[in-house]
Amino acid sequence: MKDMYPFQEVEEKWQKIWAERKVFEAADDPRLTKYYCLEMYPYPSGRIHMGHVRNYSIGDVISRFQLMKGLNVIHPIGWDALGMPAENAAIKHGIHPQTWTLDNIAHMKRQLQSLGISYDWSREVNTCLPEYYKWNQWIFLKMFERGLAFRKKSWVNWCPQCRTVLANEQAAGGACWRCDSGVEQKEMIHWFLKITAYAKELLDGHKLLKKWPEHVLLMQKNWIGESEGAHISFPLMRSSRTIEVFTTRIDTIFGATFMLLSPEHPLSRELLADSPDKEKWREEMVRAVRDARMKKEQEEAEKEGIDTGKKAVNPFSGEEIPVWIANYVLMDYGTGAVMAVPAHDQRDFEFARKYGLTIRPVIAPADNPVLEEPQEGATEEYGVLINSGQFSGLSSQEAMEKMSGFALTRGFGRKSLTYRLRDWGISRQRYWGTPIPIIYCERCGTIGVPYEDLPVELPHDVKFTGEEGSPLDKAPEFVNTTCPKCGGKAHRETDTMDTFFDSSWYFFRYTSPHQKDAPFDRAVASYWLPVDLYIGGVEHAILHLIYARFFTKVLRDLGCASIGEPFPHYLAQGMVTKDGAAMSKSRGNVVDPDEMIQEYGADALRLFILFASPPEKEFAWAEDGIEGCFRFLNRVWTIIEENRDLFAEGAPRTISRDTSAGLALLKKTHQTIRKVTEDIGKRFHLNTAISSIMELYNLTRKEKDSLRQDREGRTVLSLALESLIVLLAPFTPHISEELWERTGHRDVLARFPWPAFDPELAKEERVTIVVQVNGKLRDKFEADAGIGEGEMRERALALDRVRSLIGGRPVRKVICIESKLVNIVV
RNA sequence: GCCCGGGUGGCGGAAUAGGUAUACGCGCGACACUUAAAAUGUCGCGGCUGUAAGGCCAUGCGGGUUCGAGUCCCGCCCUGGGCACCA
């Protein structure tokens, strides 16, 4: 290609100047209006991929735009640097995880810099450094003190591939979120964070998240899974024990003809103590249930039950009902026991049918109050209560109120809320994570490492064998320690933290990344937070985004933070695809950003990735597309170079309104400034902002030769060209800076004020009025913008075409839309 | 099964508050410049019909509301995603 603009030279030059002049370093100055633009920090896997390029390009446009608008912008970046790939590399290739990670970071940092993203590198954080993870430990200890971090023996999700434990969120659907292999169940002692204590607030906080995509809020809402209902206790016959259940359908309680316990329920074992055969059977059932949990695509298992032979009393009806153990009752939801209402719950119906248990309808559809045993299946709809003692005749809604009130006064129940959300298991049996700062002393028990001893650093010299168990277990100099309380022999916790812990508060750390006495400076954090715009992939909708919201609330309750919601505005960026599928190594459809930068430059790559589709939608890679953007930049370069003399001329800034020659271009210029300002600042539609800049270029090119003929025309032309450079700056910052300099400007464009538009000039003076007859487009006419309704109507009716179409028929109605349209109904 | 998105030219997409559907780009065709190609520029490109002016049809399919529907409502189809024995 001939006459290419020297993008490589230009891009390197400006990246250097920005860095030298510290153009993007944010000032912690509370007098300034701040703007916090954040993109999800990357895992340093080795190379930047197109998803990163897209994410960071979107953020960069917003950041640069707000900076030019005069705001004090903080635009930080860092590294989510702990995690398993580093350790896997160590096992496979014998490289230390730290070496591997730091090398990757160095490489990726160069890549990000070559994209020209406007990061404040002085605020870079790296979670694998003790100066960062020390504060993970600090936060953990604060949580431990408050009972928000606790240890519990439980069945946990175990990924055999990653050889570590996964949180429920990370094992959704029975598959590991990282490697996709099937998850097994394993019983272990494990550290948990009490996220369930914040379930209600995490849900209610959604009301404040008005600028989140609806579907993300919905996913979180479903994940938290609040259910309104009641807890009811059923006394066990010939025993002082009760069985507590949770139900959302207390209105059906007179139809509760048996009870079910989860096979894992502690009472299940107890009730079978006198029948060893059944106990063996139950143990088998427990095993089967746990096996089923790790299957990826499990079919709904056949319902199985064991009759305990014991009876409980329905506290409402006084009826004695059998207690069964059933494989479909979950231990970790509600109380692990349910009242079974086979007439009105499909699962219980199937179970009752199989074992010949009583099915008694107690709800009749409002329009058909018949008492009949259901044949086909349960009727789960609300209706009118029948066969329900003193509550018969009430509607389901009324009954739920009255019956829970009744239970409360009689002392065997209460209204309640139950959540699907489980506590967050954070223990990982791996090396490359934050050591959990806990010491076990035979005498003193479980003790937090004293704050002054933080950080508990990872020992550098350990063996990475890939065998089961954490490498830390085999590092005696790490494990063996003394009790900080009694000074006796003790050992350290060897589990490390889930890396989602790190990313749950990194956006706080950016505000004072070098703070030595606290995770962050409270005052500075209060100035910068909340994040004004958070951009990242929707795959983190229910992992990272819930954890980060949870941490923010905990930090607030610890007195560290002054906000409850970290991200009032979240932009969920779409996937990058090629040939109809997500770019991935296994598919072999990966396009390497470096190659594209080599061939077309960072500006062309950025422009294309932003132009091809709006940020929240999927983006399909096409080689032809980037080529088109590259050609556009060349054309811009050429038109500016060819007209540089205009800028040297020092043309007058003022242009008379009635300049006939340049008026069209002058208007277009102001309209484009308006459009680009709104598209970036209000709508986040970067693709349409770019297309309007292209339109401005097209008109400029068309009119340039005639405009050069006179003085005023040259002024209009130079204004249009200058606007072109400035409006492009957030998208293609390097070429813009270079052209800005070449047109005689001295200061860096990145800090140049964003242009204002003249609303009068941006207004269209002539409009096209569309004329419809019976709703069909038939004709148009030109008119002054201020045309009144009466005149519009008159002129429309006077049109020949309209007259012939009406053909003398009476006009029934004329609809006029100001400056737009006339519709004549005959 | 339940809950959300999405479906517009050959392609990526635009239409911001129910008011000119297909902006902008890619691609394609013709032409100009050129020895030639690239680049650049000019013109054209939803379908059918017509010499033309024009007409008819078209935003996944079928209905509806409205003077007017890509946009709102109802029912389908396809597609992507989330959840899935949650009592």
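From a predicted model like this one, the values you see are computed outputs, not experimental measurements. Chain A is the first sequence line, chain B the second, and so forth, proteins listed ahead of strands; every chain is numbered from 1.
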*Measure from CD1 on A:Ile243 to P on B:A87 and round the result to the nearest Å.*
19 Å
*Please give the nucleotide sitting opposite B:G1 as a Watson-Crick or G-U wobble pair, both distances under 3.5 Å, or none.*
B:C83
*Atom-to-atom span, CG of A:Leu218 to P of B:C2 - whole angstrom*: 16 Å
*asked:* Working to the nearest 0.5 angstrom, can you tell me the gap between A:Phe351 CZ and A:Glu304 CD?
replied: 9.0 Å
*So which nucleotide does B:G50 pair with, by the Watson-Crick or G-U wobble rule with both distances under 3.5 Å?*
none
*Check every strand shown and say whether A:Gly628 touches a base, only sugar-phosphate, or nothing at a heavy-atom separation below 4.0 Å.*
sugar-phosphate
*OP1, OP2 of B:A14 versus side-chain N and O of A:Asn687: anything below 4.0 Å?*
yes
*Would you classify A:Ser692 as touching base, sugar-phosphate or nothing, given that sugar-phosphate means primed atoms plus P, OP1 and OP2, and contacts are heavy atoms under 4.0 Å?*
nothing
*So does A:Lys813 get a side-chain nitrogen or oxygen closer than 4.0 Å to the phosphate oxygens (OP1/OP2) of B:C67?*
yes
*Going through the checks in order, is the side chain to side chain contact (heavy atoms under 4.5 Å, CB included) test met by A:Lys675 and A:Arg683?*
CA-CA 10 Å; A:Lys675 170 105 176 123; A:Arg683 302 204 308 149; 3.8 Å; yes
_side chain to side chain contact (heavy atoms under 4.5 Å, CB included) assessment of A:Thr732 paired with A:Arg606_ = CA-CA 7 Å; A:Thr732 57; A:Arg606 294 167 50 128; 5.6 Å; no
*In whole angstroms, how far is the P atom of B:A69 from the CG atom of A:Asn823?*
10 Å
_Minimum-distance nucleotide (side-chain atoms of A:Ala301 versus B:C86, B:G82, B:C85)_ = B:C85
*Which nucleotide, B:C86, B:A23, B:G25, lies nearest any side-chain atom of A:Ser691?*
B:A23
_Lys/Arg N to Asp/Glu carboxylate O, A:Lys354 vs A:Glu302, below 4.0 Å_ = yes
_B:A36: pairing nucleotide in any strand, Watson-Crick or G-U under 3.5 angstrom_ = none
*Side chain of A:Lys303 only, please: which of B:G19, B:C85, B:U42 is the nearest?*
B:C85
*asked:* Closest approach to the side chain of A:Trp223, judged atom by atom: which nucleotide of B:C83, B:G13, B:U40 is it?
replied: B:C83
*Find which nucleotide of RNA chain B each of A:Ile690 and A:Glu214 is nearest to by heavy atoms, and output the residue with the more 5' nucleotide.*
A:Glu214
*Assign A:Glu618 to base, sugar-phosphate, or nothing according to its heavy-atom contacts below 4.0 angstrom with the strands shown.*
sugar-phosphate
*Which residue, A:Asp251, A:Thr379, A:Thr252, forms the side chain to side chain donor-acceptor pair (under 3.5 Å) with A:His344?*
A:Thr379
*Could you tell me whether A:Phe632 and A:Phe608 have their ring centroids closer than 6.0 angstrom?*
no
*Assign A:Lys776 to base, sugar-phosphate, or nothing according to its heavy-atom contacts below 4.0 angstrom with the strands shown.*
sugar-phosphate
*Which nucleotide in the set B:A14, B:C24, B:A84 lies at the smallest distance from any side-chain heavy atom of A:Met694?*
B:C24
*Base, sugar-phosphate alone, or nothing: which one does A:Arg635 contact when heavy atoms must sit under 4.0 Å apart?*
sugar-phosphate
_Using a heavy-atom cut-off of 4.0 Å across all strands, would you classify A:Asn327 as base, sugar-phosphate, or nothing?_
nothing
*Considering only side-chain heavy atoms of A:Tyr333, which listed nucleotide, B:C86, B:A15, B:G54, is closest?*
B:C86
*Base, sugar-phosphate alone, or nothing: which one does A:Ala622 contact when heavy atoms must sit under 4.0 Å apart?*
nothing
*How long is the line joining CD1 of A:Ile693 and C1' of B:G25, in whole Å?*
13 Å
*5′-ward residue of the pair A:Gln772/A:Ser227 relative to RNA chain B*: A:Gln772
*asked:* Considering every strand and a 4.0 Å limit on heavy-atom distances, what is the contact class for A:Asp348: base, sugar-phosphate, or nothing?
replied: nothing
*Please tell me which of the listed nucleotides, B:A87, B:G68, B:U40, lies nearest to the side chain of A:Thr247?*
B:A87
*For A:Arg793 and B:C67, give me the distance from atom CZ to atom P, rounded to whole Å.*
16 Å
*Candidates B:C26, B:U20, B:G55 - which lies nearest the side chain of A:Arg778*: B:G55
*Report which part of the nucleic acid A:Val245 touches: base, sugar-phosphate, or nothing (heavy-atom distance under 4.0 Å, all strands).*
nothing
*Output yes when at least one side-chain N/O atom of A:Arg683 is less than 4.0 Å from OP1 or OP2 of B:A15, else no.*
yes
*asked:* Over all strands shown, is A:Pro614 touching base, sugar-phosphate only, or nothing at heavy-atom distances under 4.0 angstrom?
replied: sugar-phosphate
*Nucleotide paired to B:G44 in any strand shown, Watson-Crick or G-U, under 3.5 Å*: B:C28
*Phosphate contact (B:C67 OP1 or OP2) by A:Arg812 side-chain N/O below 4.0 Å*: no
*Distance only, no hydrogens: is a donor on one side chain within 3.5 Å (strictly under) of an acceptor on the other, for A:Arg54 and A:Ser613?*
yes
_Under 3.5 Å for both donor-acceptor distances, Watson-Crick or wobble: does B:U16 have a partner, and if so which one?_
none
*Could A:Arg644 and A:Glu641 be called an ion pair, given the rule that one side-chain N must be under 4.0 Å from one carboxylate O?*
yes
*What nucleic acid atoms does A:Asp345 come within less than 4.0 Å of, heavy atoms only: base, sugar-phosphate, or nothing?*
nothing
*For A:Tyr697, which contact category applies under a 4.0 Å heavy-atom criterion: base, sugar-phosphate, or nothing?*
sugar-phosphate
*Could you check how far CG of A:Asn634 sits from C1' of B:C26, rounded to whole Å?*
17 Å
*For the residue pair A:Phe316 and A:Phe412, does the interplanar ring angle fall in the parallel (under 30°), tilted (30 to 60°) or perpendicular (over 60°) class?*
perpendicular
*Output yes when at least one side-chain N/O atom of A:Arg420 is less than 4.0 Å from OP1 or OP2 of B:C83, else no.*
no
*With respect to the phosphate group of B:U42, does any side-chain polar atom (N or O) of A:Arg701 fall under 4.0 Å of OP1 or OP2?*
yes
*asked:* In whole Å, measure the gap between the P atoms of B:G44 and B:U49 for me.
replied: 22 Å
*Please state how far atom CE in A:Met575 lies from atom C1' in B:G12, giving the value in whole angstrom units.*
15 Å
*If you look at every strand shown and take non-hydrogen atoms under 4.0 Å, does A:Lys702 touch a base, only sugar-phosphate, or nothing?*
nothing
*Which is true for A:Glu695 with a 4.0 Å heavy-atom rule: it touches a base, it touches only sugar-phosphate, or it touches nothing?*
sugar-phosphate
*Compare side-chain N and O positions of A:Asn222 against OP1 and OP2 of B:C2 and report whether any pair is under 4.0 Å apart.*
no
*What's the CD-P distance between A:Gln573 and B:G5, to the nearest Å?*
21 Å
*Which nucleotide, B:A15, B:G25, B:G27, lies nearest any side-chain atom of A:His685?*
B:A15
*Watson-Crick or G-U wobble partner for B:C61, using a 3.5 Å limit on both distances?*
B:G75
_What's the closest nucleotide to the side chain of A:Lys617 if the choices are B:A14, B:C83, B:A87?_
B:A14
